[in-house]
Each structure stands twice: as C-alpha cells, then as structure tokens.
Amino acid sequence: MKIKPIGKRVIAIPDSQKDKTAAGILLVASAQEKPEIFTIAAVSDEANADGFNVGDRIIAQHYAGTEISADKEKYSIIETRDIIAKVTENEK
C-alpha cells in the first residue's frame with residue numbers, strides 16, 4: 001500500500017521506543033511513551049516546498065499526529081506545524 005499525505009503533512013516512522021527503563025524494568029506497550037523523534041517516509045507537495053524531504057529525521061510535539069498501521073509498520077501522519085526541529089548528525 002502506498003500512502004501520499006495531502007496538505008502540509010508528512011508521514012513518518014517513529015524511532016525505536018524504549019521497552020526497558022534505565023533500571024532494567026521491562027515496560028508493557030501501554031506504559032511506553034509515544035516517541036517524539038521520527039524519520040520521514042513520505043512528504044506532501046506542500047510540505048516538500050517547506051523544506052521537508054523523505055529521510056529527514058524530525059522531532060514533533062509530544063502528542064502530534066495520527067497513528068496508523070500499514071504493511072505491518074506503524075506510521076504517524078504529522079502536520080508540519082507540529083514539527084519543532086530537524087535532527088542532523090554532528091559535524092566535526
């Protein structure tokens with residue numbers, strides 16, 4: 001299935017969630033926090049014009065986006081106004 005966002009939206013894959021606390025306690029899925037760092041998987045034309053591209057890593061507001069599942073993968077559809085930063089690698 002191919003999903004193309006419309007409006008100023010991106011479709012993003014959440015980065016790995018922590019399933020264990022620092023003390024080593026395993027967390028059930030309902031106790032895990034929603035991830036805030038994502039990798040963009042698809043971009044609408046409007047969001048692309050705003051400078052967002054497939055493969056960009058982003059930080060979104062804590063409860064931003066609509067979660068969906070497709071092809072056994074979890075995605076979030078996020079409006080660009082809810083994206084608060086791009087994540088880049090440290091340059092030396």
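The residues of the chain are indexed from 1 along the displayed sequence.
Shortest non-hydrogen contact noted between P14 and Y75 is CD-CA, 4.4 Å. Residue D82 comes nearest to I78 through the heavy atom pair CB-CG2, 4.1 Å, listed as atom of the first residue, atom of the second, then distance. Heavy atoms only, all atoms of each residue included: I11 and P5 are closest at CD1-CD, 3.8 Å.
For the pair S69 (side chain) and K72 (backbone), a donor-acceptor distance under 3.5 Å is absent. Remark: the backbone N or O of G7 is paired with a side-chain donor or acceptor of S44 at under 3.5 angstrom.
How far CD1 of I37 is from CZ of R57: 5.5 Å, rounded to the nearest 0.5 Å. In this structure, CG on N48 lies 11.5 Å from OG1 on T80, to the nearest 0.5 angstrom. Summarising the geometry, atom CZ belonging to F52 is positioned 4.0 Å from atom CD1 belonging to I83; distances are rounded to the nearest 0.5 Å. The structure places CD1 of I13 at 6.5 Å from OG1 of T39, a figure rounded to the nearest 0.5 Å. Within the model, atoms CD1 of I68 and CD1 of I3 stand 3.5 Å from one another, a figure rounded to the nearest 0.5 Å. The line from NZ of K86 to CD1 of I58 is 9.5 Å long, rounded to the nearest 0.5 Å.
Between D45 and K4, at least one side-chain nitrogen of the basic residue sits less than 4.0 Å from a carboxylate oxygen of the acidic one, meeting the salt-bridge criterion. Between E79 and R9 there is a salt bridge, with a side-chain nitrogen of the basic residue lying less than 4.0 Å from a carboxylate oxygen of the acidic one.
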Report the C-alpha distance between I59 and V87 in whole Å, list the side-chain angles of each, state the deciding distance to 0.1 Å, and finish with yes or no for side-chain contact (heavy atoms from CB on, under 4.5 Å).
CA-CA 7 Å; I59 299 174; V87 179; 3.6 Å; yes
